[in-house]
Amino acid sequence: MTQDPNPNPRLLEGKTGVILGVANKRSIAWGCARSLADAGMRLAFTYAGERLESAVKKLSEECEGSICLPCDVTKKEEIEDTFAAIGEEFGGLDSLVHAIAYAKREELQGDFFNTSKEGYMIAHEVSAYSLTAVTRAALPLMEDREGSIVTLSYIGAERVVPNYNVMGIAKAALEASVRYLANDVGPRGIRVNAISAGPIRTLSAAGIRDFNSILDQIAEKSPLRRNVTAEEVGDACLFLVGPHSRGITGTTLHVDGGYHMMGV
Ligand code: NAD
Ligand code: IMJ
């Protein structure tokens, strides 16, 4: 018999969360949002740039009581304004999901040693530093709550993945940031963890050379013999946000069908 993965559907009733990184229905952030909203959490969605405003607003309407705010993480004032608005609307915050990454397209091909200084900086600013920036902004809203912060990583942080290049370095910095942040905020009862997801066909995977064959290769080598879905990552996020993971912080949880632990 298959087990119900969501045996307590209203586990997060009365709790609030912010989700950074929904672009469309395929986004991993949307998988996280669905799992959290289905558990009863009230959500704030943030989007980068006006171009995404209407799409994210429309998606947010599928989640009861949610709000939608602009937040380009490279803009300090936008981060400040967003968290101020969340404070006013929600009165506090129990969770933050960071599902953001960006590198210039030209940096995601060819030799890593050709990475430009500017390309290196941009990838790190958006994909790694932003976790520290939004954690700082969220802290006052998590006061006296057992807050949980979750970010998204990839195995390219730990191993060399062709073409992942500077993103791999940025994800390594992101995973190290999770450990340092977890140490900082642990005494306040706040936890910080990462999910290292297997490859999923999202906007961020569009245009990546041979993505189909990457998906096939991973499926073939994974113990589960298949790729993972954004819904499965969302359910792992629900676990890390919710009370069942209350003893877990500073870790990277692989949601990849077991691929990461294989030798060959
Ligand atoms: P996605 O394109 O749906 O999401 C990426 C998001 O980052 C988009 O919503 C985009 O608007 C946002 N973003 C980019 N620059 C930003 C900025 N300056 N300010 C605010 N937001 C910005 O793709 P996704 O695959 O869902 O990616 C989400 C996270 O999951 C990323 O961290 C990615 O590295 C990670 N991840 C993806 C995969 C995969 O195979 N798709 C695997 C493991 C980890
Ligand atoms: C990205 C590049 C190279 C190889 C890759 C990926 N593999 C996977 C990804 C094997 C699974 C997707 N991934 C894990 C990411 O974190 C993607 C980040 C990303 C993607 C783009 C594409 C469009 C663009 N900039 C990007 N910045 C970051 O212009």
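Counting starts at 1 for both ligands and their atoms, following the listed order.
- Using a 4.5 Å heavy-atom threshold, the side chains of L59 and K25 count as touching.
- Of the protein's non-hydrogen atoms, Y164 CE1, 3.6 Å is the one closest to atom 13 (N) of ligand 2.
- Looking at atom 19 (N) of ligand 1, its nearest protein heavy atom turns out to be V73 N, 3.0 Å.
- Here's the thing with I200: one of its N/O atoms is less than 3.5 angstrom from an N/O atom of ligand 1.
- Every atom of ligand 2 is numbered from 1 in the order shown, and the set under 4.0 Å from a heavy atom of I214 is 10 (C).
- Distance from atom 10 (C) of ligand 2 to its nearest protein heavy atom, with residue and atom name: Y154 OH, 3.3 Å.
- When atom types are taken as modelled, the side chain of S66 and the backbone of S60 share a donor-acceptor pair closer than 3.5 angstrom.
- Between S204 and ligand 1, at least one pair of N/O atoms sits closer than 3.5 Å.
- The distance criterion of under 3.5 Å between nitrogen or oxygen atoms is met by K171 with respect to ligand 1.
- Using a 4.5 Å cut-off between side-chain heavy atoms of Ile, Leu, Val, Met, Phe, Trp and Tyr, with links allowed through other members, F90 and L141 fall into the same hydrophobic cluster.
- Considering backbone and side-chain atoms together, M167 places no N or O closer than 3.5 Å to any N or O of ligand 1.
- Here the protein heavy atom with the shortest distance to atom 9 (C) of ligand 2 is I208 CD1, 3.8 Å.
- Shortest contact from atom 21 (C) of ligand 2 to any protein heavy atom: L108 CD1, 3.6 Å.
- Distances below 4.0 Å separate heavy atoms of C71 from the following atoms of ligand 1: 19 (N), 20 (C).
- Near F211, meaning under 4.0 Å from one of its heavy atoms, ligand 2 places the atoms 8 (C), 11 (C).
- Without hydrogens or angle criteria, R188 side chain to D144 main chain gives no donor-acceptor distance under 3.5 Å.
- Heavy-atom contacts of G198 reach the following atoms of ligand 1: 40 (O), 42 (C) (cutoff under 4.0 Å).
- The main-chain N or O of L253 is never found under 3.5 Å from a side-chain atom of T251 such that the two would form a donor-acceptor pair.
- Atom 4 (O) of ligand 1 has as its closest protein heavy atom G21 O, 3.5 Å.
- Residues P243 and L11 meet the side-chain proximity criterion, which asks for heavy atoms closer than 4.5 Å.
- A donor-acceptor pair is defined here as one N or O able to donate and one able to accept, closer than 3.5 Å; no such pair exists between the side chain of R225 and the backbone of A219.
- In terms of protein heavy atoms, atom 35 (C) of ligand 1 is closest to L152 CB, 3.8 Å.
- Judged by distance alone, the side chains of S196 and H260 never bring a donor and an acceptor atom under 3.5 Å apart.
- Set against the non-hydrogen atoms of P199, the atoms of ligand 1 under 4.0 Å away are 40 (O).
- N24 is not listed as a side-chain neighbour of V56, based on a closest heavy-atom distance of 4.5 Å or more.
- The proximity of S127 to ligand 1, defined as any non-hydrogen pair under 4.0 Å, does not occur for either the backbone or the side chain.
- Scanning the protein heavy atoms around atom 26 (O) of ligand 1, the nearest turns out to be I28 N, 2.8 Å.
- Contact annotation for atom 10 (C) of ligand 1: protein absent (non-hydrogen atoms, distance under 4.0 Å).
- Under the 3.5 Å distance criterion, the side-chain polar atoms of S245 are matched with a main-chain donor or acceptor of L240.
- With respect to the salt-bridge test (charged N to carboxylate O, under 4.0 angstrom), the residues E80 and K75 do not qualify.
- For ligand 1, the atoms lying closer than 4.0 Å to a non-hydrogen atom of A197 are 42 (C), 43 (C).
- Geometrically, ligand 1 and D72 share a nitrogen or oxygen pair separated by less than 3.5 Å.
- For ligand 2, the atoms sitting less than 4.0 Å from at least one non-hydrogen atom of N163 are 3 (C), numbered in the order shown with element in parentheses.
- Not a single donor-acceptor pair under 3.5 Å links the side chain of D94 to the backbone N or O of G147.
- Under a 4.0 Å heavy-atom criterion, A230 is not in contact with ligand 1.
- Of all protein heavy atoms, the one closest to atom 31 (C) of ligand 1 is A101 CB, 3.7 Å.
- Classification of K171 and E158 as a salt-bridged pair fails, no side-chain N sitting under 4.0 Å from a carboxylate O.
- In terms of protein heavy-atom proximity, atom 23 (C) of ligand 2 is closest to R105 NH2, 3.4 Å.
- Using a 4.0 Å heavy-atom cutoff, A103 is listed among the residues neighbouring ligand 2.
- For the pair E232 and R226, the salt-bridge criterion is met [side-chain N within less than 4.0 Å of a carboxylate O].
- Atom 25 (O) of ligand 1 has its closest protein heavy atom at T202 OG1, 2.6 Å.
- For ligand 1 and V22, the ligand atoms under 4.0 Å from any heavy atom of the residue are 9 (O).
- Salt bridge present: K57 and E53 bring a charged side-chain N and a carboxylate O closer than 4.0 Å.
- Of the possible donor and acceptor atoms, one in the side chain of E78 sits under 3.5 Å from a partner among the backbone N and O of D72.
- Under a 3.5 Å cut-off, the side chain of S153 and the backbone N or O of A194 do not form any donor-acceptor pair.
- Judged by distance alone, with hydrogens and angles left aside, the side-chain atoms of N163 form no donor-acceptor pair with the main-chain N or O of I208 at under 3.5 Å.
- Between the choices A194, A103, S153, the shortest heavy-atom distance to atom 43 (C) of ligand 1 belongs to S153.
- Remark: ligand 1 atoms within the under-4.0 Å shell around heavy atoms of A48 are 16 (C), 17 (C), 19 (N), 20 (C), 21 (N), 22 (C).
- The nearest protein atom to atom 3 (O) of ligand 1, hydrogens excluded, is given as S27 OG, 2.6 Å; this is a heavy-atom distance.
- Between the side chains of S116 and E107, at least one donor N or O lies within less than 3.5 Å of an accepting N or O.
- In this structure a side-chain-to-backbone donor-acceptor pair under 3.5 Å is present from S213 to D210.
- A heavy-atom distance below 4.5 Å is found between the side chains of I79 and C71.
- The parts of I100 lying near ligand 1 are both backbone and side chain, judged by heavy-atom distances below 4.0 Å.
- Annotation: atom 28 (C) of ligand 1 to nearest protein heavy atom, A99 O, 3.3 Å.
- The shortest N or O to N or O distance between A101 and ligand 2 is not under 3.5 Å.
- Relative to atom 20 (C) of ligand 2, the option among A197, S127, P199, S204 with the closest non-hydrogen atom is S204.
- Contact annotation for L52 and ligand 1: only side-chain heavy atoms (C-beta onward) come within less than 4.0 Å of the ligand.
- Checked against a 3.5 angstrom limit, the closest N/O atoms of Y154 and ligand 1 fall outside it.
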